[in-house]
Structure formats: C-alpha cells, structure tokens
Trainee: 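The structure follows.
To find a chain, count down the sequence lines: A is the first, B the second, and so on, and within it residues start at 1.
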Number of protein chains: 2
Amino acid sequence: MDECLQQESWRKDVLGVTIKQIAQMVGVSRGTVDRAIHGRGDVNPEVKARIEQVMRETGYRPNTVAKALKTAQTPMTFGVLIPAGNRFYEDAAKGLCEAEEVYAPYGVAIRRMEETELTAVRQAEQLAQLESENVNGIIMTAVDDPVVRQAVNKIAEKIPVITYNSDLTDTRRLCFIGQDHIAAGRASGTLMGKMIRREGTVAVLVGSKHMLAHLERAEGFRQALREQGGNTVLPELYETHESDGRAYSLVKWLVETQCDLAGICVTGGGQAGAGAALAASGKAADIRLACYDTLPETIQHVKDGVADYTIAQDPFLQGYLPVKILYEYLAFGTKPKREKLFTRIDIRVKDNIMDAGYELFTGWNGKR
Amino acid sequence: MDECLQQESWRKDVLGVTIKQIAQMVGVSRGTVDRAIHGRGDVNPEVKARIEQVMRETGYRPNTVAKALKTAQTPMTFGVLIPAGNRFYEDAAKGLCEAEEVYAPYGVAIRRMEETELTAVRQAEQLAQLESENVNGIIMTAVDDPVVRQAVNKIAEKIPVITYNSDLTDTRRLCFIGQDHIAAGRASGTLMGKMIRREGTVAVLVGSKHMLAHLERAEGFRQALREQGGNTVLPELYETHESDGRAYSLVKWLVETQCDLAGICVTGGGQAGAGAALAASGKAADIRLACYDTLPETIQHVKDGVADYTIAQDPFLQGYLPVKILYEYLAFGTKPKREKLFTRIDIRVKDNIMDAGYELFTGWNGKR
DNA sequence: TTGAAAGCGCTAACAA
DNA sequence: TTGTTAGCGCTTTCAA
C-alpha cells in the first residue's frame with residue numbers, strides 16, 4: 001500500500017528484461033531459457049540454475065502481450081451455457097458479447113448454447129455435446145442436481161469449468177462468479193428494518209420455492225430483520241411463480257388483509273406486478289417495497305417511488321468475467337484469487353438507479 | 001442485445017482477416033495497406049478505394065494485441081498528480097499500482113508526483129515540470145482555480161489530460177473520472193428520509209466549506225430530503241475541518257442541544273470522530289448516521305451499527321481507469337465514451353460493507 | 001541437451 | 001507511389 005504510493009517507478013526500462021537478454025547474459029540460446037522457464041524438454045540442471053539466478057536478479061516478468069500474440073495462434077473455444085428466456089441473461093449476454101470482442105484477438109471463440117428447458121438431464125447432454133466438440137473451457141449457470149454435479153466433475157478433470165450466477169458446490173469447477181444471495185438478502189433486511197422501525201409486519205415473496213437464490217435472499221432478509229429485534233415477518237413465503245399477475249394478486253390481497261403491513265420484499269420474478277398492485281392500492285407511501293435486480297419495470301418503480309430500493313448484481317460482469325478468468329487461466333496459468341468471486345451487493349435507490357456497472361471498465365458502448 | 005444472445009459466433013476464424021491477407025487479395029504489399037488504413041504517406045486513390053472495399057467486405061478489425069506489441073516499442077510515460085496524505089488516495093494508489101503492472105508490457109511508465117500542498121500555483125508548477133519531462137499524458141486531481149484551468153488548457157493542446165476524483169470543468173481535459181457528488185448526496189438524503197420519516201431534525205457536517213465535493217454532497221442531501229417533504233434540516237453546515245476531534249465535539253454538542261435530532265450526515269473527514277461521539281452519547285440506536293467513503297473507522301462504525309450506511313466511490317477504479325483510458329486513447333485513438341465517467345454511487349450497509357470493488361475485475365490481490 | 005530459425009500481426013525505415 | 005525488410009517478445013519446430 002505504502003509501496004504503491006512511494007515506489008520510484010519512473011524507470012526507463014518499463015518493458016523489463018526479455019528472454020533474449022537473459023539468454024545473452026547466461027550465454028545460452030533463447031530456446032534454452034524458454035525451456036528452463038516452462039520446465040519443458042530437458043535442460044542441464046546447472047544451466048537451469050544459472051538462468052533462474054539471472055531471472056531472479058533481473059526480476060524477469062514474461063511479457064503478457066507478446067505471449068498473448070503467440071498464444072492466439074492456437075485458438076481456443078469456450079462453451080457457454082445460457083438459460084434462454086430469462087431477462088437477467090439478456091444483460092449478462094452484453095458482458096459476454098463484450099468479452100467475445102475483446103478476447104477475439106487473443107484467439108478466443110465463444111460457442112453459445114442456449115436452452116429454455118433448464119433440467120439436469122438436458123444440461124448433462126449439453127455438457128457432453130460441448131466436450132465432444134473439444135471446447136477448451138466451459139462457462140455455465142448450473143442446475144443444482146447430482147446428475148449435473150457428476151457430469152461437471154467428470155468433464156472438469158479435463159477442461160476447466162466456471163459457474164456463474166448459480167453455483168454448483170462440491171464439484172471440481174474452477175470457480176464461481178455471482179452474488180452471495182444470503183448477504184444480499186441480509187442487506188435488504190437491514191435496510192427494511194431501518195425503514196419500518198419495528199412498526200408493522202413484513203411479507204416476503206419469492207419467485208419460486210425451488211430457486212435456491214430466492215430462498216437464500218429470503219433467509220438473509222429474515223435473519224437481518226430478526227437481528228434488529230422486534231420486527232414481525234409473516235412466516236409464509238408467498239410464491240409469485242415468476243408471474244406479474246400472480247404477484248399483483250398476492251400484494252393486493254396482502255395489502256387488503258394485513259392491516260399493519262409495513263413492508264414487502266420481492267426476492268424473485270414478479271416485481272413489476274407487485275409494484276403495480278402497491279401503487280394501485282394507494283399505500284405506496286406507507287408500505288416499503290424492496291426488490292431485486294434491475295429489470296426495466298423495477299427501475300421504473302424505484303424512480304416513481306413505488307419501490308424504495310432494489311438490489312442489483314451486475315449481470316454484465318457475470319457475462320464478462322468468466323471469459324477473462326478462463327482465458328488467463330489457460331493462457332498464463334493464473335488461478336482465480338478465490339474459489340468464489342462474489343459480485344457486489346449493489347443497493348439502488350432512485351438517485352443511483354441508473355449507475356453504470358462494469359460497463360464503465362470495458363469499451364462497451366451499448367451499440368451491439 | 002438480442003444480437004448478443006443470438007449471434008452465430010462459433011466461427012473458426014476468430015482471429016479475423018489480417019493486413020497480410022488483405023494485401024494479397026488486393027494484390028499490393030502490406031505496407032500499402034497499412035498506409036491506406038492510417039492515411040499516412042501517399043497512396044493511389046484507386047488502390048486505396050479497392051483496399052477499403054475489401055476491408056469492408058471482410059470486416060477487417062486491427063489486431064489489438066499485435067498492435068500493442070508494436071506500440072510498446074516506443075514507450076510512453078504518464079504523469080500522475082497525487083494529493084499526498086489523503087487516505088482516499090492510498091486506495092486509489094492501489095488501482096494505479098495495478099494499472100502500472102498491467103500496462104508495463106504495453107510500454108507504459110508511470111511518473112508519480114506527490115504533493116501535500118494542494119495549491120493552484122504549486123499544481124501549475126507540477127504541470128510545467130511534467131511537460132518539461134515530455135510525458136505523454138497527464139492524470140490529475142485538479143484544484144479548482146483559474147490558474148490551474150489555464151495551465152491545463154495550455155498543456156491539453158499538446159498532450160491529453162484526464163482529471164479524476166475532482167474535475168476541472170470548462171477545460172480541454174479529455175475526460176473526468178469520479179463520482180457525481182450531487183447524486184451521491186441525493187442518494188444519502190433519500191435513504192435518510194426513508195429512515196427518519198419526518199420525525200426530528202437532521203444535521204449536515206462537511207469537512208470543509210472549501211471542498212466542492214463536500215458542498216455538493218450536502219446540497220444533494222438537502223435536495224432529496226426536501227423533496228420527500230416535511231423534513232427539517234438544520235440550516236448551518238457544520239465544519240469538521242477534517243478533524244475527528246472537532247467532529248467529536250460537534251456531534252456531542254448537537255446531540256446534547258438538539259433534543260429532536262434524528263439524523264446526522266457527515267459528508268467529509270471526521271466520520272470516525274462523529275461516530276465515536278454518537279456511540280458515547282448512547283443514542284446511536286435512535287439517531288441515524290450517514291457517512292461517505294470507506295475509511296477503516298467508517299467501516300467499523302457501520303459494522304457496529306453506529307453508522308447506518310456509508311456511500312463509497314470506488315477509489316481503486318479512479319486509480320486504474322485513467323491509465324487504461326489514456327493508453328487506449330494514445331495507442332488506438334479510442335475516445336472515452338463520455339466526457340464525464342461517473343463511478344458508481346455505492347451504498348454500503350453492514351452486510352455489504354466488505355464488498356469487492358473493481359479489484360475483482362483485475363488481477364489485484366492485495367499483495368502489493 | 002542445446003542452438004538456429006521461423007513466424008504471430010503490425011509498423012516503420014529504407015529502397016526502388 | 002509502392003515494395004521489401006526487419007523487428008517487437010515469445011514459442012515452436014527442426015537440426016545438430
């Protein structure tokens with residue numbers, strides 16, 4: 001940290017020492033140095049020691065750009081499983097698209113596999129298909145099922161697999177990129193508690209009781225409210241079945257029957273319907289509404305003050321980062337920093353609802 | 001968007017067509033194609049037209065990796081002005097450090113200029129110094145003063161200047177990277193309003209009345225509270241002079257004298273002291289405390305529940321992104337997407353207080 | 001076990 | 001106005 005501020009880095013030798021220079025210093029050829037570095041082929045132990053010595057002294061660092069140029073000569077293909085028909089993935093697709101563009105000069109091709117039918121068996125088939133196509137890595141949103149687990153474990157022995165958005169624990173997958181849904185639920189619960197101040201009851205809606213993400217958000221939400229003490233949460237988890245119509249009816253019914261209703265948390269699909277019902281009831285000013293993700297309707301509800309806040313999870317990053325990580329793993333052998341890379345828990349109120357995500361970091365300009 | 005999901009991109013020709021291939025097709029040499037592309041040197045209009053035709057047909061895209069490798073041969077230096085002794089910049093320095101490492105193979109060197117004395121005259125001197133050192137670009141936190149404005153305008157005619165964290169409007173600077181402080185203030189005000197619900201008065205503390213960022217946050221905060229109606233904000237802006245001791249006294253005094261105090265917003269330095277005073281008063285549970293940035297003490301206050309939330313601004317990105325943008329501008333001619341690149345307004349409660357920022361995107365591992 | 005040479009895509013200096 | 005050549009740093013044959 002201090003080093004970052006203080007280091008005298010204004011060196012003319014930005015580019016550092018090259019393999020060629022090291023070869024000269026040691027008095028061998030470039031090929032030998034290369035072999036010594038990568039441990040391929042045979043190299044005289046003594047010579048190797050001398051090379052390593054010089055590398056250490058000169059602080060040799062491989063030139064990533066040159067390496068990439070070379071690596072691109074043997075292109076690689078990443079297979080990506082995409083659950084179709086889900087709005088979240090439309091945004092993730094932008095990140096994937098951007099990554100595709102950025103990594104094309106690195107020799108990376110993207111093989112998309114879209115699928116509406118999200119079943120374990122179908123997913124196992126897709127994995128087998130990708131394997132038969134000899135892809136060099138797989139990026140997937142996993143269905144949590146033993147069949148998939150087994151398929152992933154088998155394939156991961158040969159090629160790296162990265163999960164995004166929804167993880168598959170206890171497998172050999174390289175890493176997971178997505179949100180910590182429990183923590184995201186807690187963040188919502190903490191905010192809700194501060195806003196309702198123990199006055200009234202709170203209802204929790206889930207998209208589906210079979211969606212782990214929704215259940216975890218609900219669980220975290222409850223936890224955080226409980227820890228603040230004195231809050232009443234209705235015990236039932238109301239299912240919207242990802243339908244705005246169903247969410248509308250549910251919220252309408254809740255508002256009418258729960259006279260002390262102070263807040264609603266919608267953990268999954270149906271935010272638009274829930275917001276519409278609340279607005280129609282005329283009680284939007286008195287009842288807090290918490291949402292997840294940033295679908296256009298949710299954004300509108302937050303802007304209008306119908307929803308108090310929503311918690312986003314940066315789909316763009318979830319589309320982009322897996323490609324980056326997979327490439328660096330295969331090209332440079334760089335392992336991900338952690339096994340679980342949690343994207344941020346991104347709290348949005350009306351004033352930051354349009355904030356840029358990681359798009360800012362990339363060249364993404366929304367044209368594609 | 002749809003294109004992103006649907007495009008048939010599983011092509012074997014990931015790498016695309018090269019200059020060499022185009023030269024072959026047109027029946028000229030690589031040099032000619034290169035000249036035609038870049039408009040340097042003379043090239044027969046007819047030949048040029050044919051080349052452009054083929055480029056369009058084949059969808060030629062320059063290989064960024066190869067281009068970077070070549071560009072690195074003529075290294076460039078970026079001068080960076082860093083206000084020393086400010087904790088925010090310790091974090092920004094990490095991003096700068098990471099960028100330095102990433103862009104070293106691209107031939108980018110970083111020339112740091114630290115300065116405790118943040119005056120217009122001193123800053124103009126530093127700019128002149130950097131210019132005399134023939135740096136290829138400048139990255140700076142600007143002091144808002146006509147002297148600096150003039151110096152920047154003069155230097156920006158020759159080399160690109162990027163401002164970060166604090167902008168210098170009405171100048172020829174290439175772009176600004178930092179937070180929209182008004183919007184950040186509004187976000188805090190919106191949250192505060194939802195939490196206090198018109199019950200009691202709110203006090204606003206600034207680090208210094210001479211810091212535009214603090215004033216803007218205060219202004220946005222007030223705006224948002226006002227728009228929610230019925231809230232009382234004390235008219236005075238209390239100055240902490242960036243001192244925890246002063247902030248402590250101020251908050252102690254406010255809590256003791258303002259019997260209906262419901263919330264405090266600290267827009268600048270002194271968060272630690274403000275939090276300590278509130279905790280000592282025993283009223284932390286009844287009075288909301290809003291902070292900015294993520295200094296260790298602020299984080300602790302949020303964790304302890306003394307502060308309800310804090311609004312961060314991703315210092316890492318502010319250190320990293322200017323280097324990336326400057327490089328791409330100079331190497332590829334890529335202009336920034338917008339003139340003002342607003343980093344996100346990052347609301348943190350106890351449950352997401354430790355969220356990763358853009359570090360996740362880079363290889364940053366906290367070792368340096 | 002090691003060296004020499006070729007080539008990735010792009011640019012630039014030099015010739016023609 | 002155009003072609004040729006060399007070279008960036010790295011890897012990978014092919015010879016020795």
Trainee: Using heavy atoms to find the nearest nucleotide of DNA chain D for B:Ala66 and B:Gly27 separately, return the residue whose nucleotide is more 5′.
Mentor: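 The residue mapped nearer the 5' terminus is B:Gly27.
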Trainee: On DNA chain C, compare the nucleotides closest to A:Val47 and A:Lys70; which residue's is nearer the 5' end?
Mentor: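 It is A:Val47 whose nearest nucleotide is closer to the 5' end.
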Trainee: So, is B:Thr32 near the phosphate of D:dG3, with a side-chain N or O under 4.0 Å from OP1 or OP2?
Mentor: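 Result: yes.
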Trainee: How is B:Asn63 classified with respect to the nucleic acid when contacts are heavy atoms under 4.0 Å: base, sugar-phosphate, or nothing?
Mentor: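 B:Asn63: backbone/sugar contact only, no base atoms under 4.0 Å.
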Trainee: Please determine whether a side-chain nitrogen of the Lys or Arg among B:Lys324 and B:Glu98 lies less than 4.0 Å from a carboxylate oxygen of the Asp or Glu.
Mentor: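 A salt bridge is absent here (no side-chain N lies under 4.0 Å from a carboxylate O).
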Trainee: For residues B:Phe332 and B:Tyr327, establish whether the separation of their ring centroids is below 6.0 Å.
Mentor: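 Ring centres of B:Tyr327 and B:Phe332 closer than 6.0 Å.
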Trainee: From the options C:dT2, C:dG9, C:dT11, select the nucleotide whose nearest atom is closest to the side chain of B:His38.
Mentor: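 Nucleotide nearest to B:His38's side chain: C:dT11.
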Trainee: Taking only the side-chain heavy atoms of B:Arg30 (C-beta and beyond), determine which of D:dG3, D:dC8, D:dT5 contains the nearest atom.
Mentor: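 That would be D:dT5.
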Trainee: Ignoring the backbone of A:Lys67, work out which of D:dC10, C:dC10, D:dC8 is nearest its side chain.
Mentor: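 Side chain of A:Lys67 sits closest to D:dC10.
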Trainee: May I ask you to evaluate whether A:Lys20 reaches the phosphate of D:dC10, defined as a side-chain N or O under 4.0 Å from OP1 or OP2?
Mentor: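 No, no such contact exists.
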Trainee: So that I know where these two stand, are A:Tyr358 and A:Tyr320 an aromatic pair - ring centroids less than 6.0 Å apart?
Mentor: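 No, the ring centres sit 6.0 Å or more apart.
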Trainee: Counting the atoms with a prime plus P, OP1 and OP2 as sugar-phosphate, which does B:Tyr106 contact under 4.0 Å by heavy atoms, base, sugar-phosphate, or nothing?
Mentor: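 Answer is nothing: B:Tyr106 stays at 4.0 Å or more from every strand.
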Trainee: Out of D:dT1, C:dC10, D:dC8, which has the shortest distance to the side chain of B:Asp42?
Mentor: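 The nucleotide sitting nearest to the side chain is D:dT1.
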Trainee: Kindly give the heavy-atom pair with the smallest separation between A:Pro160 and A:Leu174, and that separation in Å.
Mentor: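 Smallest heavy-atom distance, with atoms named: CB-CD2, 4.3 Å.
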Trainee: Under 4.0 Å between a side-chain N or O of B:Arg40 and OP1 or OP2 of C:dA12?
Mentor: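 Checking C:dA12 against B:Arg40, a side-chain N or O does come within under 4.0 Å of OP1 or OP2.
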Trainee: Counting only side-chain heavy atoms from C-beta out, which of C:dC10, D:dT11, C:dT2 sits nearest to B:Ile19?
Mentor: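 Nearest to the side chain of B:Ile19 among the choices is C:dC10.
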